[in-house]
Peer 1: 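Here it is: the structure, laid out below.
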Amino acid sequence: METGFLKKLINIIVTKDNEYISDKSDEELVNLYTEIGDENAFDEIVRRYANKIYGFALRITRNSSDAEEVFQEVFLTLTKKLDTFRGESKFSSWLYRITVNASYMYLRSQKKHESNISLENYYPYDEKGTLMGRVMAKDWSSRPDIIIFSNEALKIIDKSINELPESYRTVFHLRDVEGLLNEEVADILEISIPAVKSRLHRARLFLRDRLSDYFHEWRR
Amino acid sequence: MFMCKDVVENIMGYIDCELDLQTLKELEKHTGDCPECMAFVNTYKRMLEITGKLKDKPFVTPEIRNRLRILLKSKVKPA
Ligand SMILES: [Zn+2]
């Protein structure tokens, strides 16, 4: 154990330059921090994840001051619990899970409950299974990029995501905004992969409709 | 018979290239004949392009980062 510690220390001293920390994997940074208390390693973890954690907390709480409370709580928890990270899942998944838990705990303490309505019956087709007259009239897919990717359109989609019920919102954010895999989202939220897919599917249908309404209105 | 409903319910598998060949053929045939579904698929794909852009949105301001730094310094005793 003593030699392991010394080796690590020597390794840091020898390789210490601007590059040494940014090249490390998340897991290596965790080891540096928990085993020798390397503050730079912790700073690098903060640098890598601050935006993701704050963004995710903001998505769950939908309020910037609540999100900051959660954000601070997550990194405080991290300083206390980093040495309990066992590498059973990816470090990022572990961190996202801490964020979900901290967000729920915070919302509960603030008595901010959200009725979690289901979107399971949300679909664009009629009882006969056809889309007749429901999509083409509002087809916006060939609008120029300058309109589709305008700041206003981005704001609309962001606002629409926040209209989703919480359980759909978290899945959508992790999967389509953060770009995680179904398996990772399932692991973070502790739900099944079919549940991830089903929530993502309904969330996307809902958002596509919202965007269609927006671009349709815009044309007038 | 392959309906608009089947296009909608298989759209994720279609986007992720996870459909079996038979379903893929039927979906593409239906979409080729049905302008509603063509519009549905096209707007769905465009939507994914838009949501992909949200990822790079900067969230944490220097002020937020600084408040975190101060908090951690005050609460965490060096080991
Ligand atoms: Zn159709």
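These figures come from a predicted structure and were not determined experimentally.
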Peer 1: Using a cut-off of under 4.5 Å on heavy-atom pairs, state which of B/Glu36, B/Arg69, B/Lys55 scores highest against chain A.
Peer 2: B/Glu36
Peer 1: Counting only heavy atoms closer than 4.5 Å, note whether A/Lys52 contacts chain B via side chain, backbone, both or neither.
Peer 2: side chain
Peer 1: So for A/Ile53, is it side chain, backbone, both, or neither that comes closer than 4.5 Å to the heavy atoms of chain B?
Peer 2: neither
Peer 1: Answer with side chain, backbone, both or neither: which region of A/Leu207 has an atom nearer than 4.5 Å to a non-hydrogen atom of chain B?
Peer 2: both
Peer 1: Counting heavy-atom pairs closer than 4.5 Å to chain B, which one of A/Gly55, A/Ser212, A/Gly179, A/Ala50 comes out on top?
Peer 2: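 Ranked by heavy-atom pairs under 4.5 Å with chain B, first place is A/Gly55.
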Peer 1: Given that the side chain runs from C-beta out, which part of A/Arg175 has a heavy atom under 4.5 Å from chain B: side chain, backbone, both or neither?
Peer 2: side chain
Peer 1: Before accepting this row, confirm whether a basic side-chain N of the pair A/Arg59/A/Asp158 lies closer than 4.0 Å to the acidic partner's carboxylate O.
Peer 2: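 A/Asp158 and A/Arg59: salt-bridged.
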Peer 1: Without hydrogens or angle criteria, can the side chains of A/Tyr49 and A/Glu44 be said to hold a donor-acceptor pair below 3.5 Å?
Peer 2: no
Peer 1: In Å and rounded to the nearest 0.5 Å, what is the OG1 to OH distance from A/Thr61 to A/Tyr106?
Peer 2: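 Reported value, rounded in 0.5 Å steps: 8.0 Å.
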Peer 1: Under a 4.5 Å heavy-atom cut-off, does chain A meet the side chain of B/Cys37, its backbone, both or neither?
Peer 2: both
Peer 1: Answer with side chain, backbone, both or neither: which region of A/Glu178 has an atom nearer than 4.5 Å to a non-hydrogen atom of chain B?
Peer 2: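 Looking at A/Glu178, backbone and side chain both touch chain B.
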Peer 1: Could you check which of A/Gly129, A/Ala153, A/Ser142, A/Gly133 has the highest count of heavy-atom pairs closer than 4.5 Å to chain B?
Peer 2: A/Gly129
Peer 1: Just by distance, do the side chain of A/Arg134 and the backbone of A/Pro124 share a donor-acceptor pair under 3.5 Å?
Peer 2: yes
Peer 1: Which answer fits A/Phe149, side chain, backbone, both or neither, if we ask what part of it has an atom under 4.5 Å from a heavy atom of chain B?
Peer 2: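 Side chain only.
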Peer 1: I need the residue from B/Glu49, B/Arg65, B/Arg67, B/Met38 with the largest number of non-hydrogen atom pairs under 4.5 Å to chain A.
Peer 2: B/Arg67
Peer 1: Quick check for you: to the nearest 0.5 Å, what is the distance between B/Ile11 atom CD1 and B/Leu48 atom CG?
Peer 2: 8.5 Å
Peer 1: Using a strict 4.0 Å threshold on nitrogen-to-oxygen distance, state whether B/Lys29 and B/Asp33 make a salt bridge.
Peer 2: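 Looking at B/Asp33 together with B/Lys29, the answer is yes, because their closest N to O distance falls below 4.0 Å.
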Peer 1: Between the side chain of A/Arg169 and the main-chain N/O of A/Ile60, is any donor-acceptor distance below 3.5 Å?
Peer 2: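 Checked: pair present.
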Peer 1: Is the ring pair A/Phe42/A/Phe75 parallel, tilted or perpendicular, if the boundaries are 30 and 60 degrees?
Peer 2: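 Geometry flag for A/Phe75 against A/Phe42: perpendicular rings.
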Peer 1: Using non-hydrogen atoms only, which part of B/Asp16 is less than 4.5 Å away from chain A: side chain, backbone, both, or neither?
Peer 2: side chain
Peer 1: Keeping A/Arg97 on the side-chain end and A/Ser92 on the backbone end, is there a donor-acceptor pair under 3.5 Å?
Peer 2: no
Peer 1: Please determine, among B/Ile50, B/Thr51, B/Thr43, the option with the most heavy-atom pairs under 4.5 Å with chain A.
Peer 2: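 Top option by heavy-atom pairs under 4.5 Å: B/Thr43.
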Peer 1: Using heavy-atom distances under 4.5 Å, tell me whether A/Asp145 contacts chain B through its side chain, its backbone, both, or neither.
Peer 2: both
